[in-house]
Amino acid sequence: MRKKLFAGNWKMNLTPLEGRTLIAALRAQLDRDSAALAADREVLVAPPFVTIPAVSQALAGSSILLGAQNVHFESKGAFTGEVSAPMLKCFGVTHVIIGHSERRHIFKEDDDLIAKRLAGAIAHQMTPILCVGETLEQRQQGETMRVVLAQLQAGLAAAPTERSAHLVVAYEPVWAIGTGHTATPQQAQEVHAAIRVALRDHFGKEQGDRVRILYGGSVTPDNIDSLIAQPDIDGALVGGASLKAESFARIVRAGMA
Ligand code: 13P
């Protein structure tokens, strides 16, 4: 069984104080059910770098995991504006989002750079959450599978089989991010199934079946249940709805009685 993963990507939101407040509210919603939740799911938050130390403290004694939104591939050196895996690990960061569409499109990170970051994260025993997804124009031109699988392959090329058991993939169609136009469960499942096939080809069936594939793009408490019911949707990468304790807690409980 693949444990579901519900990850909140806070993007460039929440100061350390605000982050601490959100974690307190989230724990008030989730801590009492932590044993039931832990049976089949994991919860993760990915704050901005400067908010990570405060959130790390606020998470003491919690099973909520801590992630970062990017990472450099070297441990240290002359890389102005970057943060390394050993620095993040000082605060208990275990997961890192890599190749988010905002990094690809706004900051022009290409497949080569993303592959290096992925390899760096794996080398430091961090769990990469590799993001892939097509633009609206690419979807309209029938390019979805080609684009998504090319991004995936470029990332997987940097993921040696024997050290990538914990890799997570997130399918985030660019046209669904922050727009309120979520993919239908069928649209998402179709792409997730193709990603699953590629993962089995790369890792072999057993390990390929262990990789979680998250859906991201306008996930809300109202649409998560039908998404999570799909066979290859193993969780969600949530932006806007992860910034409020109530909506994120509801998403985390997706599919539970
Ligand atoms: P929204 O949930 O705000 O659409 O953002 C999705 C996303 O980009 C998560 O990484």
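Along the sequence shown, residues are numbered consecutively beginning with 1. If you're wondering where the values come from, they're calculated on a predicted model, not measured in any experiment. Just the heavy atoms: all of them, side chains too, but no hydrogens, waters or symmetry mates, feed the values below. Atoms within each ligand, like the ligands themselves, are counted from 1 in listed order.
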Is there a heavy atom in Ala241 that sits closer than 4.0 Å to ligand 1? no
Taking atom types as modelled, find out whether Trp175 and Glu137 have a side-chain donor-acceptor pair closer than 3.5 angstrom. no
Contact (N/O only, under 3.5 Å) between Thr179 and ligand 1: no
Run the numbers for me: atoms of ligand 1, each under 4.0 Å from some heavy atom of Asn9, listed by number. 9 (C), 10 (O)
Answer with yes or no whether the side chains of Gln69 and His100 bring together a donor and an acceptor at under 3.5 Å. no
I want to confirm something. Looking only at heavy atoms, which of Gln69, His100, Glu102 is nearest to atom 8 (O) of ligand 1? His100
Numbered atoms and elements of ligand 1 in range of Gly217, under 4.0 angstrom, heavy atoms: 4 (O), 6 (C)
Can you check whether Gly178 has an N/O within less than 3.5 Å of an N/O in ligand 1? yes
For atom 5 (O) of ligand 1, the protein heavy atom that lies nearest, with its residue and separation: Lys11 NZ, 3.2 Å
What are the two closest non-hydrogen atoms of Ser242 and Leu22, and how far apart are they? O-CD2, 3.6 Å
Just say parallel, tilted or perpendicular for the rings of Tyr171 and His192, cut-offs at 30° and 60°. perpendicular
Where do Ala198 and Leu152 come nearest, in terms of heavy atoms and distance? CB-CD2, 3.6 Å
If only side-chain N and O atoms count, and only distance matters, is there a donor-acceptor pair under 3.5 Å linking His124 with Ser75? yes
Give the residue and atom name of whichever protein heavy atom lies nearest to atom 9 (C) of ligand 1, and the separation in Å to one decimal. Glu172 OE2, 2.9 Å
So, do Val83 and Val71 sit near enough that their side-chain heavy atoms are less than 4.5 Å apart? no
Identify, for atom 2 (O) of ligand 1, the protein heavy atom at the shortest distance, and state residue, atom and that distance. Gly239 N, 2.9 Å
So which heavy atom in the protein is nearest atom 3 (O) of ligand 1, and how far is it from that ligand atom? Gly240 N, 2.8 Å
